[in-house]
Every structure is written in C-alpha cells, then in structure tokens.
Amino acid sequence: MAKIETADVFAAGRRGGGGSLHAYRVRGLDRSAVVLWIGGRGDEPDQVLVLPEGDRLQVPVFTTVRQSRMYVSRRGRKPTTSEVNTLELTRVQHWLENPVRRHVPPSAVLEAWNFFEDLARGLGGVHLLPQQGAVHNSAYEKLFAGERAAWTPDEQRAVLELITAGVELWNSCPVVVKP
C-alpha cells in the first residue's frame, strides 16, 4: 500500500478524488461515534474518511459533531451541511440478535448496509465484507422498495451475513479518537 499523507487526503477530500464532507453519527451497542463521510463526485462512490498511520488506515472518530467540525475547519474545509444524519445501529444489532423473532428495521438496515460499504471502501478493501452478487442485489432492491417481506431465504441469509460482517468491521476497524 502506498503511503498517503494526511494533507493529501484533505486537499483532495478523499483518497483518489474529491467530494463533499458530512458529519455522520453512528450509535451502536459496542461503538458509537461521529465519523466524517465523503460524498463521491459524479460516478465516484461515497466513502468514510480515513487517515494514514504508517502503512495502515484509521477512521478518525469524534464524540461530538462540534469536534468533527472543528477538525475539518482546522484543515481548511467545511462540512457541506450543518445537518447530521444518525445511523441507529443499535436497532440493527438488536435485530441481528434474533432475526427470526424480531422484525427487520428496514430503514436502519438499509442505512447500515450503505454505511458498511462506505466504511470498507474508505479502509481500502471491499474484501472486508462478503462478496456481493445477484442475491445481495435482489435483497437490496427489495429492502429499498419496502418489500423486505418478499426476501427469499437465500436473500435473508445474504443480508444477515453482510450486516453481521459490517457490524464486526465497524466494531473492530482501527480508529483514531479526536485526531
């Protein structure tokens, strides 16, 4: 992996390109924090902001939105909006504890799925999540359309596998607190 300088990350807005910065609050059972999310330009995908530390990448995390804004401001950038979206990951984690007996929280699962993909992308590895194929695409489309009840058993297994891996990625990814 090539060494990436922090100044380069902020000058470009992201590794390999530019984009708008947003504060994003994640509330989970094991880890809660505010992260910086980068909206992709054009066809570029979104990703969570990461910072280099030697030859590995870390997610900068903050306790408050104000801390994240000050961090960005000290680097000559501004968040795109003052609004802050929140991923209620706890709802997803409660569902994962007993998916047979609990109802899927569709909007939270959809947000979590998108967040986990953006987190993996930021950390430089879509391989950090299960490889997605046609079953995942079908399950995602049904979730997006509000047709979760139409999931096949294969689609439900694929979603559970992906979301479980995503929760593990979030709880274990390297972070730097209030950099």
Side-chain angles (χ1 to χ4, degrees), residues 13-50 57 59 61 65 68 79-175:
R14 67 186 289 136
R15 294 181 305 118
S20 55
L21 286 168
H22 305 268
Y24 189 64
R25 184 183 322 275
V26 180
R27 288 189 184 135
L29 294 174
D30 301 312
R31 179 183 274 175
S32 294
V34 175
V35 299
L36 294 169
W37 174 81
I38 305 169
R41 288 185 184 166
D43 290 340
E44 288 181 345
D46 302 335
Q47 70 181 47
V48 171
L49 178 73
V50 295
L57 299 170
V59 177
V61 296
V65 172
S68 71
T80 303
T81 178
S82 61
E83 295 177 22
V84 177
N85 290 328
T86 301
L87 167 58
E88 294 294 347
L89 190 55
T90 55
R91 294 183 63 215
V92 175
Q93 290 172 292
H94 286 297
W95 169 64
L96 288 174
E97 290 171 358
N98 193 345
V100 173
R101 298 184 62 98
R102 294 187 175 150
H103 292 287
V104 175
S107 61
V109 171
L110 187 63
E111 285 181 52
W113 190 326
N114 292 327
F115 172 70
F116 297 146
E117 288 179 334
D118 296 346
L119 177 62
R121 200 174 294 114
L123 290 167
V126 292
H127 66 279
L128 298 171
L129 295 175
Q131 184 176 4
Q132 295 183 52
V135 172
H136 292 88
N137 294 342
S138 177
Y140 186 92
E141 290 302 320
K142 288 176 184 176
L143 185 62
F144 188 78
E147 300 170 356
R148 196 298 299 150
W151 277 346
T152 66
D154 286 345
E155 289 169 339
Q156 182 160 355
R157 274 191 298 278
V159 172
L160 288 170
E161 177 187 33
L162 183 117
I163 298 299
T164 299
V167 169
E168 176 59 29
L169 176 62
W170 167 243
N171 286 334
S172 66
C173 71
V175 298

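You'll find the side chain of Leu160 reaches within 4.5 Å of the side chain of Leu96, heavy atoms only. Side-chain atoms of Leu128 and Leu123, non-hydrogen and from C-beta on, do get closer than 4.5 Å to each other. No side-chain heavy atom of Asp46 sits less than 4.5 Å from a side-chain heavy atom of Ile38. A 4.5 Å side-chain heavy-atom check between Leu29 and Glu97 finds at least one atom pair inside the cut-off. Here the side chains of Phe116 and Leu89 are in contact, with some heavy-atom distance below 4.5 Å. Between Asn85 and His22 there is no side-chain heavy-atom pair separated by less than 4.5 Å.
Residues Val34 and Ser68 come closest through the heavy atom pair CG1-OG, 3.8 Å. Contact between Gly124 and Leu57 at its shortest, heavy atoms only, is N-CD1, 4.3 Å. Looking at every heavy atom in both residues, Ala33 comes nearest to Val61 through CB-CB, 3.6 Å. Residue Val92 comes nearest to Val109 through the heavy atom pair CG2-N, 3.8 Å, listed as atom of the first residue, atom of the second, then distance. Smallest separation of non-hydrogen atoms from His136 and Leu162: CD2-CD1, 4.2 Å. When all heavy atoms are compared, the tightest approach of Pro105 to Arg91 is CB-NH2, 3.3 Å.
Arg25 places no side-chain N or O within donor-acceptor distance of the main-chain N or O of Val65, the cut-off being under 3.5 Å. Under the 3.5 Å distance criterion, the side-chain polar atoms of Arg148 are left unmatched by any main-chain donor or acceptor of His103.
Taking CH2 of Trp37 as the start and CG of Leu87 as the end, the distance is 13.0 Å to the nearest 0.5 Å. The OG1 atom of Thr90 sits 8.5 Å away from the CZ atom of Arg27 when rounded to the nearest 0.5 Å. Note that OG1 of Thr164 is 11.0 Å distant from CG of Leu129, once rounded to the nearest 0.5 Å. Interatomic distance, CZ of Arg31 versus OG of Ser172, reported as 7.0 Å (0.5 Å rounding). Note that OG of Ser138 and CG of Leu143 are 11.0 Å apart. Values are rounded to the nearest 0.5 Å.
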Problem - Test side-chain contact (heavy atoms from CB on, under 4.5 Å) applied to Val159 and Trp113, step by step - result: CA-CA 9 Å; Val159 172; Trp113 190 326; 3.7 Å; yes
Practice task
Report the C-alpha separation of Leu110 and Tyr140 in whole Å, then their side-chain angles, then the decisive distance to 0.1 Å, and conclude whether the side-chain contact (heavy atoms from CB on, under 4.5 Å) test is met.
Solution key: CA-CA 8 Å; Leu110 187 63; Tyr140 186 92; 3.4 Å; yes
Practice task
Report the C-alpha separation of Gln156 and Val104 in whole Å, then their side-chain angles, then the decisive distance to 0.1 Å, and conclude whether the side-chain contact (heavy atoms from CB on, under 4.5 Å) test is met.
Solution key: CA-CA 10 Å; Gln156 182 160 355; Val104 175; 5.6 Å; no
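Ring planes of Phe115 and Trp170: perpendicular class, angle over 60° (limits at 30 and 60°).
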